[in-house]
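Everything on this sheet refers to the single structure shown next.
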2 protein chains.
Amino acid sequence: MPRGNCQGQGWWHGKFRGCGYRLTEGREAILDILAKSEGHLSAEDIYMKVHPKYPNVGLTTIYRTLDVLSGLGMVYKLDFGDGRARYELAEGPKGAHHHHHLVCTDCNKVIDYTDFIDEEVELLRETEKGLGKKYNFKITNHVIQFYGLCGKCSGKK
Amino acid sequence: MPRGNCQGQGWWHGKFRGCGYRLTEGREAILDILAKSEGHLSAEDIYMKVHPKYPNVGLTTIYRTLDVLSGLGMVYKLDFGDGRARYELAEGPKGAHHHHHLVCTDCNKVIDYTDFIDEEVELLRETEKGLGKKYNFKITNHVIQFYGLCGKCSGKK
DNA sequence: TTAGTAATGGAAATCATTTTCAATAAGCTT
DNA sequence: AAGCTTATTGAAAATGATTTCCATTACTAA
Ligand SMILES: [Mn+2]
Ligand SMILES: [Mn+2]
Ligand SMILES: [Zn+2]
Ligand SMILES: [Zn+2]
């Protein structure tokens, strides 16, 4: 039963099974919600969405599954500073959609942006290579977030 | 008593007072610890260090002060995924020391790096300008972190 | 002084996430 | 199809970082 690092091929059935995980109703439900919701959902958000159709899937399973998924690199666990973790699919059914985030520190609005992504990604690639070598790190991921005030919030009091 | 956004001049006495905050023993102690510790301290870490000398400063005050400080932009509140917030001074007594982070997802070791900082900062400046205009955001801060396995952890089992 | 208000600490409350544990279900082997 | 092994599960309880309460104290300005 090979666990651990199982970067694999296609979509989830195979990936899951290939890594020794069992494919259960709850796990599929969660993945489905993540795939179609296209947002930044908290564990509880997901629970709310899964519950109507699968009332027997508990919050604990949501947390556990999210953990497995982010361990497999299928899901990113994000922190926007609002006290709860948020999750998004690493890549949709039809390929990646790499983006970074713009976060309003006042109302917590989050914008996905892809502008400048190419330049950023290129620089990141080089940086990762350089840092990896210099500090002997095997870099697998990065986070770039800009914080500030959205239009609505900067025109407040 | 002008509160809120008080981006100011020099070092803390002035900044604090200028923003209508009172400079108290506890606050000074916390700032001192942050200034000399040069790490990524949690609220409790700070409490531990402050307590011997100022046994009458409570954890609650640590949290409150840290909040004020990050509100003033004097301190960065960081999340490395280990379940507690960590703090670092935004700029030391002798000027800024802008850096980004390299985080081991296994042992939570954190490395401050300044390599590539110039290129990164330049790109960030442009990106901020572009994003700010396009999304009508007043960007005040950014976070760049690379995640991966440190040498020790990548050579594990 | 004196009043007005900011700041404090200790205890209690919050609340997201984890842990425990007995029950159940997946996938594999007959 | 039935049995077996063990991953997975849900509910409830535990955890633990951060907040909130509130009565008390410390500043500041007039
Ligand atoms: Mn996103
Ligand atoms: Mn740092
Ligand atoms: Zn906003
Ligand atoms: Zn490590």
Side-chain angles (χ1 to χ4, degrees), chain A residues 1-4 6 12-31 40-48 50-72 75 77-87 108, chain B residues 1-4 6 12-31 40-48 50-72 75 77-87 108:
Chain A
M1 313 81 176
R3 275 294 164 76
C6 285
W12 61 71
H13 287 229
K15 190 152 190 169
F16 246 95
R17 305 296 313 285
C19 293
Y21 289 107
R22 295 177 184 174
L23 193 53
T24 66
E25 185 183 65
R27 286 173 174 175
E28 273 193 293
I30 293 168
L31 240 0
H40 306 103
L41 290 67
S42 66
E44 191 160 13
D45 289 340
I46 296 171
Y47 176 72
M48 296 305 214
V50 166
H51 196 255
K53 200 163 186 180
Y54 302 89
N56 44 335
V57 172
L59 223 206
T60 311
T61 290
I62 308 281
Y63 276 107
R64 277 188 291 226
T65 299
L66 255 9
D67 241 34
V68 169
L69 291 173
S70 69
L72 289 176
V75 154
K77 182 179 185 179
L78 306 166
D79 168 53
F80 297 132
D82 67 340
R84 74 203 59 206
R86 297 188 168 272
Y87 303 82
N108 286 313
Chain B
M1 312 82 177
R3 273 296 163 78
C6 284
W12 63 67
H13 287 231
K15 189 152 193 170
F16 244 96
R17 306 297 313 284
C19 294
Y21 289 106
R22 294 177 184 172
L23 193 52
T24 66
E25 183 183 65
R27 287 172 172 176
E28 271 193 295
I30 293 168
L31 240 1
H40 305 104
L41 289 66
S42 66
E44 191 160 14
D45 289 340
I46 296 171
Y47 176 72
M48 297 304 214
V50 165
H51 196 255
K53 200 163 187 180
Y54 303 89
N56 45 335
V57 171
L59 223 206
T60 310
T61 291
I62 308 281
Y63 276 106
R64 277 188 292 228
T65 300
L66 255 7
D67 241 34
V68 169
L69 292 172
S70 67
L72 289 176
V75 154
K77 182 178 184 179
L78 307 166
D79 168 53
F80 297 132
D82 66 340
R84 73 203 60 204
R86 297 187 169 275
Y87 302 82
N108 287 312

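Every chain is numbered from 1, with letters handed out A, B, ... down the list of sequences. Nothing here was measured: the structure is a model prediction, and the numbers come from that model.
Residue contacts for B:G26: at a heavy-atom cut-off of 4.0 Å it reaches no nucleic acid atom on any strand shown. B:T60 comes within 4.0 angstrom of a nucleotide base, judged by non-hydrogen atoms across all strands. Contact annotation for A:R17: backbone-only contact, meaning every heavy-atom pair under 4.0 Å involves sugar-phosphate atoms and none involves a base. Within the 4.0 angstrom heavy-atom criterion, base atoms lie near A:R64.
Look at CZ on B:R86: it is 12 Å from C1' on D:dA17, rounded to the nearest Å. As a whole-Å value, the separation of B:I62 CD1 from C:dA7 C1' is 14 Å. Nucleotide D:dT8 holds its P atom 19 Å from the CG atom of A:L59, rounded to whole Å. B:Y54 has its OH atom 17 Å from the P atom of C:dG10, to the nearest Å. One can place OH of B:Y21 at 16 Å from P of D:dT28, the figure rounded to the nearest angstrom. If you take CG of B:L66 and C1' of C:dT8, they are 16 Å apart, rounded to a whole angstrom. Remark: C1' of D:dA26 and CG of B:N56 are 13 Å apart, rounded to the nearest angstrom. Note: OH (B:Y63) to C1' (C:dT14) measures 13 Å, nearest angstrom.
Proximity note for A:R22 (side chain, C-beta onward) versus C:dT17, D:dT19, D:dT8: the nearest is D:dT8. Of the listed nucleotides (C:dA7, D:dA17, C:dT17), C:dT17 has the atom at the smallest distance from the side chain of A:A85. In the set D:dT8, D:dT9, C:dA16, D:dT9 carries the atom at the smallest distance from any side-chain atom of A:T65.
Listed for the A:R64 side chain is no donor-acceptor partner under 3.5 Å among the backbone atoms of A:L59.
Here the closest heavy-atom approach between residue B:R22 and residue B:R27 is recorded as O-NH1, 2.7 Å. Looking at every heavy atom in both residues, B:V57 comes nearest to B:Y47 through O-CE1, 3.3 Å.
Aromatic ring centres of A:Y87 and A:H40 lie farther apart than the 6.0 Å criterion allows.
Mapping B:Y87 and A:R27 onto DNA chain D by nearest heavy atom places A:R27 closer to the 5' end of the strand. Nearest-nucleotide positions on DNA chain D place B:E44 closer to the 5' end than the other of B:E44 and B:L23.
When the side-chain nitrogen and oxygen atoms of A:S42 are compared with OP1 and OP2 of C:dA16, none of them lie within a distance under 4.0 Å. OP1 and OP2 of C:dT17 both lie 4.0 Å or more from every side-chain N or O belonging to A:R84.
Salt-bridge check for B:R84 with B:D45: failed, with every basic side-chain N at 4.0 Å or more from each acidic carboxylate O.
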